[in-house]
**Student:** 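I have a structure here, written as structure tokens, and I will follow up with some questions on it.
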2 protein chains.
Amino acid sequence: MDNRTLSLFLHLCETLHFGRTSQAMHISPSALTRTIQQLEETLDTSLFERDNRSVQLTKEGVLFQQYAQESTSLWQNFKQSLMEETQELQGEISIYCSVTASYSFLHTILNDFRKAHPKIGMTLHTGDSEDAISHILEDNDDLAIGARPDKLPSKLDFKRITISPLVMIAPLNNPQYKNPANNWKGTPLILSEKGLIRKRIDTWFQQKNIKPTIYAQVSGNEAIVSMVSLGFGVGVIPKIVLDNSPLIDRVKTITHQPVLEPIEVGLCAQKKRLQNPLIKALWDSLSNP
Amino acid sequence: MDNRTLSLFLHLCETLHFGRTSQAMHISPSALTRTIQQLEETLDTSLFERDNRSVQLTKEGVLFQQYAQESTSLWQNFKQSLMEETQELQGEISIYCSVTASYSFLHTILNDFRKAHPKIGMTLHTGDSEDAISHILEDNDDLAIGARPDKLPSKLDFKRITISPLVMIAPLNNPQYKNPANNWKGTPLILSEKGLIRKRIDTWFQQKNIKPTIYAQVSGNEAIVSMVSLGFGVGVIPKIVLDNSPLIDRVKTITHQPVLEPIEVGLCAQKKRLQNPLIKALWDSLSNP
DNA sequence: CTTGCTATTGCGTAAAATGATATATTAACA
DNA sequence: TGTTAATATATCATTTTACGCAATAGCAAG
């Protein structure tokens, strides 16, 4: 029985949903279906009772689940003891972060780490920074770089890398956006459709009792920079994003901005994953700020 | 980690010899080499220290051996409990026997067994009946059909299927072989090159203080029938072989033959393998004679 | 220097896995 | 009662992988 099949099976036991498992495990639904079918064929028994709306473990499925768990844990233990034997960490760490983070922090973080542990491979998934926390909660990756939410879920651990102020940016050549505080109604805003920064802005406007004009809701801070540079309106992003943007010369920072609390950017992981020595090594390689 | 790789590895741990393992596991040496290479590559460590004359387990190899043993035993246990769950035996039994045995006993033995346990698959290896015992001792197959040796190795268990007298056969149209007892010197003998029957005949001639003329030493009782039918000489075989031979009408049985003890034909297995429920089921399906 | 023994490699073919797409089935809903 | 959305599976073309045969390479012993 091979480990990939086992982990697919185990994941499917959790989700009871072919689509979600195939997505999470980065294979196509058809491949997953066939892997399971083939598994059932070799065992000559059915593991899941499924119609087109639901998936349920059978008795035999439960039995196999136990086996699969024990077997993978045996494998983990072996790998661990092999590492102890060879005195060198090896394996695979998966990281989720935004494009900006991959340009800015990630490089500096991983550079040293890679030298210290050359046999550890990295898988990098980029996406909207605001999805980092949920990505980790859903077990999609080992680690993520993102903003610390106001209320950190108890399953997660967070380690600050830096603090970045929020800045408001406007197109270079539109004097009308020079001081939007005078004229919020006439100032189209470009905001994240969700996430910590959006919440902070919403709260600020509420407190001021202002109903701003929202021109566009986008996903990804990089997209905000892009739209602002094209002249669509003003937006709020972490300063770190601006500093790493190739468009930094195409927008200007507005000084009379709403005063928003800076965000804490850092590494985030499920506590249970920190028991993995590889992940712990990377975690510990970040000196406390 | 998949089970086939593990069992190849474990077997190689025992033999420390690529050639023998590949033969025993029915794959080509090159496939075995590459399986091990690939295993070492995934583990990113070397498991065997090998030059062109010797193969030795490394430290890491020993560690992996432990893992492999535990993992396969976990798998065995799972399959066992799955069988208990479904109340139906399933798996694979491998049997070694001569061509004759496959024609005569095997069919009747397996016919009922197959009906009782349709999910048990069979692998059949045919070869010289005299090799049956050593085949079992060398762990090449689960069960074998063969003659009970005078001294049964203590690791083995034996269950008689039938007793077959030994008969001497001669070509049909050669009157000179009618009563070889008158003229052993002038009677070319065709004998097995080894094995129980050969030993009995040798002993008989020794006791009579006769030095017979041995025309040919062959392997396999079927080959003896073949050569005798072609007129090369006379031979001694179990009656059961003659009865199942397509050449039965091309040879005749000599009545004034040396009086040799009949042989016991039966099923043979390593005692330890009888703990396997599949094999035990087949074993038990044979009523005691 | 040759021979025998072994593990390995090159290479052509066969088998298997995969992903994109189409299909089938069914629950939910209008 | 259609219609839509959700979801597992089947089909097919393509890529990847595994395998066996034959050749090779390394080494010890005669």
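To find a chain, count down the sequence lines: A is the first, B the second, and so on, and within it residues start at 1.
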**Student:** Distance check needed: D:dC19 C1' versus B:Met25 CE, whole Å only.
**Tutor:**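 These atoms are roughly 16 Å apart.
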
**Student:** Roughly, in whole Å, what's the span from CG in A:Leu39 to C1' in C:dA17?
**Tutor:**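 Computing the A:Leu39:CG to C:dA17:C1' distance gives 15 Å.
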
**Student:** Check the surroundings of atom NZ in B:Lys59: do more than 12 heavy atoms from other residues, nucleotides or ligands lie under 6.0 Å from it?
**Tutor:**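 No, because the 6.0 Å sphere around NZ of B:Lys59 holds 12 heavy atoms or fewer from other groups.
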
**Student:** Donor-acceptor pair under 3.5 Å: do we get one between A:Ser30's side chain and the base of C:dA20?
**Tutor:**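 Pair found.
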
**Student:** Calculate the interatomic distance between B:Arg4 atom CZ and D:dA18 atom P; express it in whole Å.
**Tutor:**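 So the two atoms are 13 Å apart, to the nearest Å.
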
**Student:** Give a yes-or-no answer on whether the side chains of A:Thr123 and A:Glu92 include a donor-acceptor pair shorter than 3.5 Å.
**Tutor:**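 Checked: A:Thr123/A:Glu92 side chains pair up, N/O donor to acceptor below 3.5 Å.
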
**Student:** Considering just the side-chain nitrogens and oxygens of B:Gln38, establish if one lies under 4.0 Å of OP1 or OP2 belonging to D:dT17.
**Tutor:**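 No, no such contact exists.
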
**Student:** For B:Gly19 and for A:His26, locate the closest nucleotide of DNA chain C by heavy-atom distance; then report the residue assigned to the nucleotide nearer the 5' terminus.
**Tutor:**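 The answer here is B:Gly19.
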
**Student:** Can you tell me the distance, in whole Å, between the CG atom of A:Asp2 and the C1' atom of D:dA18?
**Tutor:**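 My rounded result for the distance is 14 Å.
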
**Student:** Output the single nucleotide from D:dT9, D:dG20, D:dT7 whose closest atom is nearest the side chain of B:Ser28.
**Tutor:**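 So the nucleotide nearest the side chain must be D:dG20.
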
**Student:** Expressed as a whole number of angstroms, how long is the span from A:Leu32:CG to D:dA8:C1'?
**Tutor:**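 Computing the A:Leu32:CG to D:dA8:C1' distance gives 10 Å.
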
**Student:** So, is A:Gln37 near the phosphate of D:dA8, with a side-chain N or O under 4.0 Å from OP1 or OP2?
**Tutor:**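 It does not, given that no N or O in the side chain of A:Gln37 lies less than 4.0 Å from OP1 or OP2 of D:dA8.
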
**Student:** Rounded to whole angstrom units, what separation is found between the CG atom of A:Leu8 and the P atom of C:dT18?
**Tutor:**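 Computing the A:Leu8:CG to C:dT18:P distance gives 9 Å.
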
**Student:** Going through the checks in order, is the side chain to side chain contact (heavy atoms under 4.5 Å, CB included) test met by B:Trp75 and B:Ser71?
**Tutor:** CA-CA 6 Å; B:Trp75 172 249; B:Ser71 181; 5.8 Å; no

**Student:** Mind checking if A:Arg50 touches a base, just sugar-phosphate, or nothing, with heavy atoms under 4.0 Å?
**Tutor:**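 Touches sugar-phosphate only.
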
**Student:** D:dA8, C:dG19, C:dA7: which one has an atom nearest the side-chain heavy atoms of A:Phe18?
**Tutor:**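 My answer, after comparing the listed nucleotides, is D:dA8.
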
**Student:** Tell me the interatomic distance from B:Arg34, atom CZ, to C:dT8, atom P, rounded to whole angstroms.
**Tutor:**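 Rounded to the whole Å, the gap is 11 Å.
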
**Student:** Does a sphere of radius 6.0 Å around CD in A:Glu49 hold more than 12 heavy atoms from other residues, nucleotides or ligands, not counting ones at 6.0 Å or beyond?
**Tutor:**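 Incorrect, the count does not exceed 12.
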
**Student:** Please report the distance, rounded to the nearest Å, between CD in B:Glu40 and P in C:dA7.
**Tutor:**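 Computing the B:Glu40:CD to C:dA7:P distance gives 13 Å.
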
**Student:** May I ask you to decide if the ring planes of A:Phe64 and A:Phe9 are parallel, tilted or perpendicular, using 30° and 60° as cut-offs?
**Tutor:**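 Perpendicular, since the angle between the ring planes exceeds 60°.
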
